[in-house]
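The block underneath contains the structure these notes are about, expressed in structure tokens.
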Amino acid sequence: MAAESTAHELIAKHRPTLDQALEAIRTRAYWSPHPEHPKAYGENGSLDAAAGKAAFDAVLNTRLDLGQPGTDDWVGGEISPYGVELGVTYPHADVDVLLPAMKAGQGAWRDAGAELRAAVCLEILKRISDRTHEFAHAVMHTSGQAFMMALQAGGPHAQDRGLEAVAYAYVEQVRTPDTAEWTKPQGKRDPLALTKQFTAVPRGIALMIGCNTFPTWNGYPGLFASLATGNAVLVKPHPRAVLPLALTVQIAREVLTEAGFDPNLVALAAERPGEGIAKTLATRPEIRIIDYTGSTAFGDWLETNARQAQVYTEKAGVNTVLVESTDDYKGMLSNLAFSLSLYSGQMCTTPQNLLIPRDGIRTEDGPRTFDEVVADLARSVDGLLGDDARANALLGAIVNPDVKARLEAAAGLGEVALASRQIGNPDFPDAVVRTPVIVKLDGAKPDDEAAYMNECFGPVSFAVAMDSAADAVELLRRTIREKGAMTVGAYTTDTEVESAVQEVCLEEAAQLSLNLTGGVYVNQTAAFSDFHGSGGNPAANAALTDGAFVANRFRTVEVRRQA
């Protein structure tokens, strides 16, 4: 158990931040304790840009020894999408040794209570935040995100999502009081009296299976939701994106030790090339919670086979934007062009299908035909990415060969409205950088359906000609119901169309953005305010972050005593 003075200091230090987070999730207003601007770092113990780059360089080609029990080998092999071999090796675990060691510390962690667990989690997040510049390079060189996106999405935005999960976890745990005096009148007889004690107890060891594209942003919600509710957490990174999560585990273990808890409450499970340990770990009886982001096939496998665990999945969907009319045509095109281009479309929230009436749309400057809308959007993307330096800053690098193959194959699926082109990166000559492709398809042709009704992850979008807005709404409904969607967008000035789209999204549980023409994009969500996914359609069985995401990670156990 943590020393009383240490516990008091941690709670006093972090309670104000926790209270602000609790208020933010109540009001859904904008708030973040983690600065987005690179120049905000460099004081109060945080690393500035130069120190963060130096820290990243210092870990390259080293052995990252976490001091875990059961280490039987050292594994690595990450190669940056920018062409750099990271050369870092990580402990490979004998899980028959590591899992019992992780379980051993759960009793004291459970007994610490919700408030102290939250404070420890916030201290972990604070130390991660202080190293945001170092993490930015680690995320950039494992995911292929451009540096600024890696700094923001992999740093403060990921930290926000972690803190959000802690706040929700705290709310759910303190909903029930620690103790209660229960008295039941018995008429003329003495009343019945009991003293009742309620304890939030962890389910067991949680397994967090990391993804390649957003290792921290997608990883932190599950990690911190499980840890804050009393569970030990085994972090299994994607083999191409180990470093950001390994650094996270390292920091968590340091903080737990300093706070008087067992560091093995958080551990890393790195794997040998081709080992595929996720399936083995996921069905171990010790694993009682699983968080996963990735392909639908493996997400479905986990939901079917990891029967001993509570499984939270974010899988694939076919994100759709319906374009019926607009009163800001230029703003719409600009917003869509940015959404299609950001991080080369390698986001689970990037739009894929653009449903446009074949007779065209209404704009503030008059009607535009289907072909004109698609051509104008192509020009908008070209204009956005016309300067190679700006293009590199927006696109980043293609994360793996599978994305590149899908991009190249997409050109054969229909008429190409915007061809993808290769862009050189002067800082990283081996980086694979490609602009998006836009392909025209016909919603009335069954042969085209195979393309637009399946996710084509990467910088690929389909402009689908529809017979009418009503047909587009029905295709939207069918797409969400059958394939799922993390995001839906719509552009319309028609109240009936807007109502129809909104009704579809309410019925099929999909998050909707209407008429975005400014600096907010359909593929971006803000912690403490926006829900990422809904848990109500096939794209994901959970939302980041709501009460349901945390409440089933612990159970409440009651002890009754005669008063």
Side-chain angles (χ1 to χ4, degrees), residues 1-2 7 10-11 14-15 18-19 21-23 25-26 99 102-122 124 162-184 191-208 221-234 256 259-262 265-266 284-291 306-313 531 535 541-563:
M1 182 68 182
L10 281 172
I11 291 171
H14 293 295
R15 183 72 215 202
L18 177 61
D19 287 339
L22 295 172
E23 179 67 6
I25 62 174
R26 186 187 70 82
L99 291 176
M102 296 183 70
K103 189 174 182 179
Q106 280 194 153
W109 187 235
R110 174 201 66 211
D111 294 343
E115 186 176 39
L116 181 52
R117 285 196 296 269
V120 171
C121 288
L122 265 61
I124 295 169
L163 175 55
E164 179 185 48
V166 174
Y168 271 101
Y170 180 79
V171 166
E172 294 300 326
Q173 290 174 98
V174 301
R175 192 180 300 280
T176 301
D178 293 338
T179 60
E181 300 299 326
W182 184 87
T183 304
K184 181 179 180 180
L192 301 177
L194 295 175
T195 296
K196 302 185 179 185
Q197 178 183 1
F198 304 97
T199 303
V201 300
R203 277 189 172 271
I205 299 174
L207 173 66
M208 193 281 280
L223 192 167
F224 284 100
S226 289
L227 192 61
T229 49
N231 305 277
V233 183
L234 181 59
L256 286 163
F261 296 102
D262 191 332
L265 287 166
V266 180
R284 294 273 306 205
E286 302 96 329
I287 300 299
R288 303 304 302 277
I289 301 168
I290 297 173
D291 287 278
R307 304 302 295 273
Q308 85 294 347
Q310 181 70 32
V311 179
Y312 301 90
T313 59
F531 293 105
N541 74 0
L544 304 181
T545 301
D546 60 7
F549 184 68
V550 299
N552 216 12
R553 294 172 191 262
F554 69 95
R555 308 312 297 157
T556 302
V557 174
E558 174 185 1
V559 177
R560 302 189 296 179
R561 293 180 173 86
Q562 190 73 40

Over all atoms of both residues, closest heavy-atom pair of Ile205 and Lys103: CD1-N, 4.2 Å

From CA spacing to verdict: side-chain contact (heavy atoms from CB on, under 4.5 Å), Val171, Ile25: CA-CA 10 Å; Val171 166; Ile25 62 174; 4.3 Å; yes

Atom pair OH (Tyr170) and CG (Asp19), whose distance is rounded to the nearest 0.5 Å: 7.5 Å

Distance (rounded to the nearest 0.5 Å) between Leu122 CG and Phe224 CZ: 8.5 Å

Close side-chain approach of Phe554 to Val201, heavy-atom, < 4.5 Å: no

Sidechain-backbone polar pair: Arg110 side chain, Pro202 backbone, donor-acceptor under 3.5 Å: no

N/O donor-acceptor pair under 3.5 Å between Asn541 side chain and Val311 backbone: yes

For Val550 against Tyr168, the heavy-atom pair lying closest together: CG2-O, 3.6 Å

Polar side-chain atom of Trp182 near backbone of Ala563 as donor-acceptor pair, under 3.5 Å: no

4.5 Å side-chain heavy-atom contact, Leu207 and Ile289: no

Heavy-atom closest pair, residues Ala108 and Phe261: O-CE2, 3.7 Å

Donor-acceptor pair between Thr195 and Glu181 side chains, under 3.5 angstrom: yes

Heavy-atom pair of closest approach, residues Leu265 and Leu227: O-CD1, 4.4 Å

Side-chain heavy-atom pair Thr183, Leu192 within 4.5 angstrom cut-off: no

Side chain proximity check, Arg288 to Gln310, heavy atoms < 4.5 angstrom: no

Where Leu18 and Ala167 come nearest, the two heavy atoms and their spacing: CD1-CA, 4.2 Å

Gap separating the CD1 atom of Ile290 from the OG1 atom of Thr313, nearest 0.5 angstrom: 10.5 Å

Sidechain-backbone polar pair: Gln173 side chain, Ala228 backbone, donor-acceptor under 3.5 Å: yes

Asn231 (side chain) donor-acceptor with Gly204 (main chain) under 3.5 angstrom: yes

Ser226 side chain to Leu223 backbone, donor-acceptor under 3.5 Å: no

4.5 Å side-chain heavy-atom contact, Phe198 and Val557: no

Distance in Å, Phe531 CZ paired with Glu164 CD, rounded so as to fall on 0.5 Å steps: 7.5 Å

Separation of Glu172 CD from Asp546 CG (nearest 0.5 Å): 9.0 Å

Residues Arg284 and Gln308: side-chain donor-acceptor under 3.5 angstrom: no

Distance-only donor-acceptor check, side chains Gln197 and Arg560, under 3.5 Å: no

Other residues, nucleotides, ligands: >12 heavy atoms within 6.0 Å of Lys196 NZ: yes

Student check: side-chain heavy atoms of Thr556 and Thr199 closer than 4.5 Å: no

Cation-pi, Tyr312 ring and Arg553 (6.0 angstrom, 45 degrees): yes

Side-chain (Arg117) to main-chain (Trp109) donor-acceptor, under 3.5 angstrom: yes

Reported CD-to-CG distance for the pair Glu558 and Leu194, which is rounded to 0.5 angstrom: 8.5 Å

